[in-house]
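Structure first, commentary second.
Just so it is clear: chains get the letters A, B, ... in the order the sequence lines come, proteins before strands, and each one is counted from 1.
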There are 2 protein chains.
Amino acid sequence: MTKREYAFNIVATFVKINKQMPVKMLTYRSRIQQDDLYSIPISDFFQSAFSVDCVIFGYHEGELKVLLIERGTEPYKNFWALPGDLVYPNEDLNASALRILKDLTSLTHIDVKQVHTFGRVDRHPLGRVITVAYVALVETQDLVPVASSWASKIKWHTLYRLPKLAFDHREILDSSLDDLRKLIKSEPIWTKVLPEKFTLTQLQLLFETVLNKQFDKGNFRKKIRGMKFLKKLNESEKSVAHRPSIYYKFDQPKFNEQKDGDYVFDL
Amino acid sequence: MTKREYAFNIVATFVKINKQMPVKMLTYRSRIQQDDLYSIPISDFFQSAFSVDCVIFGYHEGELKVLLIERGTEPYKNFWALPGDLVYPNEDLNASALRILKDLTSLTHIDVKQVHTFGRVDRHPLGRVITVAYVALVETQDLVPVASSWASKIKWHTLYRLPKLAFDHREILDSSLDDLRKLIKSEPIWTKVLPEKFTLTQLQLLFETVLNKQFDKGNFRKKIRGMKFLKKLNESEKSVAHRPSIYYKFDQPKFNEQKDGDYVFDL
DNA sequence: AATTATTTTTGTACATATTACAATTAGTAT
DNA sequence: ATACTAATTGTAATATGTACAAAAATAATT
């Protein structure tokens with residue numbers, strides 16, 4: 001398959017699914033018809049563009065995974081890749097990340113955080129494309145598989161046994177995992193992966209999993225006591241064959257107070 | 001002046017100075033002559049593009065400043081702005097930041113760090129432009145004013161008395177100052193703004209200035225003793241009317257060792 | 001009904017770090 | 001020699017971190 005055919009596939013798929021031209025094609029909107037695509041010299045589009053790639057981490061009971069899609073088109077057809085898309089001309093960057101997240105998982109109201117922008121000249125075989133990486137942390141179970149714009153397959157992958165990824169996505173993933181670990185210490189992005197009411201054991205397991213590090217039970221609890229934004233409830237576990245855990249909940253207003261005094265978790 | 005005239009100015013200036021078309025114009029390179037610019041409908045370029053903006057902080061003896069240029073062309077003509085430029089098609093993002101830094105200050109080998117990417121739809125009046133922000137910290141005195149591509153004037157501005165800035169540059173500046181403060185605690189970006197051999201008083205003043213925070217002399221020194229990468233020399237100040245300061249120097253190899261053990265300054 | 005198993009929760013003693021402040025020191029200037 | 005200044009070191013009180021152990025609450029077992 002020639003470079004030009006690759007490019008055609010990309011654009012054709014995009015147009016079919018989104019019923020509109022991709023960003024870079026808008027330039028030509030007035031001049032060409034959609035079925036004229038072959039008549040455009042490849043050098044005329046995909047010269048430069050920007051996209052968003054989402055590194056969606058999934059957490060469930062001590063397991064951290066990452067959501068990957070299998071590409072249905074060239075380039076890197078049949079390779080696993082991070083879900084990403086071109087940014088619409090009238091769409092803010094953050095909105096773009098939220099759209100991708102929603103399309104894939106049907107989740108809304110999730111905190112997505114911009115991390116790093118990748119712009120190596122040769123990172124995309126068809127031309128100059130810079131991409132802005134976003135991270136999100138969701139409950140693995142909350143994924144509702146949706147027939148998406150890009151993906152022929154979509155799957156949670158364990159972090160420590162990854163297939164070869166398309167483009168520079170491996171680099172993006174590794175860098176974003178570092179960023180996730182920094183983020184989880186200062187921002188309450190973890191609140192959405194635990195139930196409203198959670199036990200300290202659940203919280204500890206979550207941090208241990210994400211940070212890949214063990215904590216002492218007693219000392220972890222001592223630290224929690226110093227965090228005003230974690231409120232002890234008057235409820236505890238039922239029907240467990242041992243001393244029941246007390247439930248805690250996250251107190252957003254209290255957190256905002258403490259955050260102003262540039263507080264960090266530091267676990 | 002019409003929108004189209006604004007756009008023409010931008011492109012014309014760019015071509016004049018850089019003797020090549022800006023990124024987005026490359027598409028048309030084969031079809032048009034440079035003096036044909038007026039014949040291109042404005043909607044055909046500047047629809048989407050990406051740029052780099054540099055937030056260059058200057059430090060000198062307890063004063064922190066930021067380098068701004070006065071724009072010579074529309075839009076925002078005569079406004080002060082962060083130095084920035086379109087990214088060349090065959091130029092990495094980081095290289096672009098280094099080029100801008102070198103053009104303005106003639107400094108090389110400076111650490112520039114990518115921080116945040118700004119992509120609000122309406123951030124540029126002429127079309128969709130996303131911009132990647134970079135920060136650098138240099139010695140204010142090291143600036144060699146150079147007739148640059150963009151600037152009619154170039155000046156160090158005190159951080160706490162800033163003029164109204166072009167585009168969303170005020171937002172970029174504020175956000176980047178936060179990032180600088182985080183960076184200086186974990187990366188040795190400050191080594192270039194102090195002499196090779198420096199006193200602890202100099203070091204303390206630097207951190208106090210950047211972090212806008214006072215430290216206790218004794219306690220600051222105690223912390224320094226725990227940092228293996230700050231080496232005490234057998235030299236001290238001369239001809240000062242008080243007990244002379246001992247010189248220290250930064251030990252890069254030792255720093256790399258400690259960094260692997262995810263060490264941070266935490267001042 | 002008493003005992004056991006299990007896991008949460010609290011406690012404790014020791015080491016290390018932080019904080020605020022005071023004392024000492026090594027130079028120039030008078 | 002004495003005064004002066006700012007660097008350097010020290011100190012005592014407090015707070016935080018660490019490793020480990022004891023106590024407590026529940027269901028299951030005997």
C:dT8 C1' sits how many Å from A:I224 CD1, rounded?
14 Å
Take atom CD of A:Q202 and atom C1' of C:dT9, then tell me their distance rounded to the nearest Å.
16 Å
Any chance you could list the contact pattern along nucleotides 9-23 of chain D? Use B for base contacts, S for sugar-phosphate-only contacts and - for none, protein heavy atoms under 4.0 Å, 5' to 3'.
B-B-----SBBB---
How is A:T199 classified with respect to the nucleic acid when contacts are heavy atoms under 4.0 Å: base, sugar-phosphate, or nothing?
nothing
For B:F250 and B:F229, take the angle between the two ring planes, folded into 0 to 90°, and tell me which bin it lands in: parallel under 30, tilted 30 to 60, perpendicular over 60.
perpendicular
Expected list for residues 130-140 of chain A: side-chain donor-acceptor pairs under 3.5 angstrom, two or more places apart:
| residue | atom | partner | partner atom | Å |
| --- | --- | --- | --- | --- |
| A:T131 | OG1 | A:S51 | O | 3.2 |
| A:T131 | OG1 | A:S51 | OG | 2.8 |
| A:T131 | OG1 | A:D53 | OD2 | 2.9 |
| A:Y134 | OH | A:N94 | N | 3.4 |
| A:Y134 | OH | A:N94 | OD1 | 2.7 |
| A:E139 | OE1 | A:H60 | ND1 | 3.3 |
| A:E139 | OE1 | A:Q141 | N | 2.9 |
| A:E139 | OE2 | A:H60 | ND1 | 2.9 |
| A:T140 | OG1 | A:G58 | O | 3.4 |
| A:T140 | OG1 | A:Y59 | N | 3.1 |
| A:T140 | OG1 | A:Y59 | O | 3.2 |

Side chain to side chain donor-acceptor pair (under 3.5 Å) contacts touching residues 187-207 of chain B (sequence neighbours left out):
B:E187-B:K259, B:K197-B:E235, B:T201-B:R221, B:Q204-B:E208
Check every atom of C:dT8, C:dA26, D:dA7 against the side chain of B:P244 and return the nucleotide holding the closest atom.
C:dA26
Do the rings of A:F207 and A:F220 sit parallel, tilted or perpendicular, given the 30° and 60° boundaries?
tilted
Residues touching DNA chain D, which here means a heavy atom under 4.0 Å, drawn from residues 234-241 of chain B
B:A241
Compare all side-chain heavy atoms of A:I189 with those of A:F57 and state whether any distance is below 4.5 angstrom.
no
Which residues pass the salt bridge (Lys or Arg N to Asp or Glu O under 4.0 Å) test with A:K254, not counting sequence neighbours?
none
Rounded to whole angstrom units, what separation is found between the OH atom of B:Y247 and the C1' atom of C:dG27?
13 Å
I'd like to check the salt bridge (Lys or Arg N to Asp or Glu O under 4.0 Å) partners of A:R170; sequence neighbours left out, ordered by chain and number.
A:D174
Which whole-number value in Å describes the distance from A:L200 CG to C:dT9 P?
6 Å
Side-chain N or O of A:S245 less than 4.0 angstrom from OP1 or OP2 on C:dT8?
no
Count the heavy atoms belonging to other residues, nucleotides or ligands that lie under 6.0 Å from CD of A:Q252, then report whether that count exceeds 12.
yes
Is there a side-chain contact between B:P83 and B:I56 in this structure, where contact means two heavy atoms from C-beta onward sitting under 4.5 Å apart?
yes
Mind calculating the distance between CZ (A:F198) and C1' (C:dT8) to the nearest angstrom?
16 Å
